[in-house]
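A short write-up of the structure that comes next.
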Amino acid sequence: PFYSLFFSDFLLNDACYFCKTKSSFDFADIRLGDFWGSAFNNREDGISAISVFTNVGKNILDKLKTDRKIILLPKEHDICIKNQSSLKKSCFNHPYKEKQLLMNLLKNKIDMSKILKEYFKILSLKKRIFLIIKKLIPNYSMVKFRKFYHYYKEN
C-alpha cells in the first residue's frame, strides 16, 4: 500500500508540485536516485545513480570511493537523465481536497490499506481499471515488460 500511494504523487509536500529546481543542477553538490534504463537491466540488486556537480561533491565521492564504501561505474550523464522523467517535469498536482483527505488519514495513523482504499475511490474509472489489470499481471511479467519498455524507449 505504501508504494502505491508513494508513486501516485498524492502524498507529496505541496512544494514538490511546483519545484523550480527539478530540472536544474545549480542547487546541489550531489544528486542521488535510482538508475533507470537498459544499461543495468540484468542486475537484480538495483543500481543507484550519483551525479556530482561541485568540487565539494567530488571530494565526498572520492573519499567514499577511497574508503571502499561505494563502487562506482562511470556512465555518461545523458544515459541517466534520459530515463528520469522526475528530473524533467514536476509532479501532477492533484486536487487539494483529495490530497488533504489522504494526508489527514495518514496523520491520524490510519492503516495504509484503508488509505489505499480511499485513494482508489478518488481515481478515475480508467485509472482504476488500469490498476486492477496491472494487479492481475504476475510480477515477473511486469519486470520483463519494464525492461522491454526501457529498451524500446532508449533505442
Side-chain angles (χ1 to χ4, degrees), residues 1-95 98-99 102-103 106-107 112-113 115-116 119-120 122-124 126-155:
F2 170 78
Y3 285 109
S4 295
L5 289 169
F6 178 78
F7 288 117
S8 75
D9 294 337
F10 260 98
L11 300 178
L12 297 176
N13 185 309
D14 286 339
C16 295
Y17 299 107
F18 308 103
C19 184
K20 292 181 172 84
T21 64
K22 178 82 67 179
S23 59
S24 171
F25 302 111
D26 299 335
F27 301 97
D29 296 312
I30 296 173
R31 281 208 177 169
L32 304 173
D34 293 330
F35 189 99
W36 297 98
S38 63
F40 296 106
N41 266 352
N42 295 323
R43 296 284 298 260
E44 296 296 325
D45 55 347
I47 299 293
S48 295
I50 303 174
S51 296
V52 179
F53 304 106
T54 65
N55 285 333
V56 171
K58 184 181 180 323
N59 292 338
I60 291 169
L61 204 60
D62 287 344
K63 174 80 170 125
L64 290 169
K65 185 178 175 183
T66 301
D67 293 349
R68 296 180 182 203
K69 303 276 185 188
I70 59 172
I71 298 169
L72 297 176
L73 302 168
K75 293 287 177 189
E76 291 297 318
H77 188 68
D78 291 348
I79 293 171
C80 181
I81 297 300
K82 187 177 189 179
N83 294 296
Q84 291 288 347
S85 63
S86 64
L87 289 175
K88 298 172 191 167
K89 61 182 178 179
S90 292
C91 307
F92 171 72
N93 192 5
H94 298 286
E98 295 164 347
K99 287 188 301 190
L102 296 178
M103 288 302 271
L106 190 62
K107 286 177 186 173
M112 288 298 280
S113 60
I115 298 173
L116 189 59
Y119 161 68
F120 196 74
I122 291 169
L123 298 174
S124 67
K126 180 180 174 182
K127 183 74 174 175
R128 280 189 248 170
I129 291 169
F130 172 78
L131 289 175
I132 290 168
I133 292 170
K134 185 178 172 188
K135 200 173 191 178
L136 296 173
I137 298 171
N139 194 38
Y140 65 87
S141 295
M142 285 303 293
V143 170
K144 288 183 182 207
F145 175 76
R146 279 190 206 106
K147 287 179 181 180
F148 172 78
Y149 171 78
H150 285 292
Y151 175 81
Y152 177 75
K153 187 176 175 184
E154 289 177 14
N155 296 313

| message | For the CG atom on Asn55, are there more than 12 heavy atoms of other groups (residues, nucleotides or ligands in this structure) within a distance under 6.0 Å? | response | no
Between the CG atom in Leu116 and the CG atom in Leu102, the distance rounded to the nearest 0.5 Å is 9.5 Å
Would you sort out whether Ile60 and Asp29 count as a side chain to side chain contact (heavy atoms under 4.5 Å, CB included), showing the intermediate values?
CA-CA 9 Å; Ile60 291 169; Asp29 296 312; 5.6 Å; no
Heavy atoms of Ile137 and Ser141 approach each other most closely as CG2-CB, 3.7 Å
dist Lys127:NZ -> Ile132:CD1 (nearest 0.5 Å) comes out at 12.5 Å
Hey, mind stepping through Met112 and Leu106 against side chain to side chain contact (heavy atoms under 4.5 Å, CB included) and telling me if it holds? CA-CA 8 Å; Met112 288 298 280; Leu106 190 62; 3.8 Å; yes
ask   = Side chains of Thr54 and Ile30: closer than 4.5 Å at any heavy-atom pair?
value = no
Closest heavy-atom pair, Lys65 versus Leu72, reported as atoms and distance to 0.1 Å, is CD-CD1, 3.7 Å
Task: Stepwise side chain to side chain contact (heavy atoms under 4.5 Å, CB included) check, Leu123 with Phe120 - done: CA-CA 5 Å; Leu123 298 174; Phe120 196 74; 4.2 Å; yes
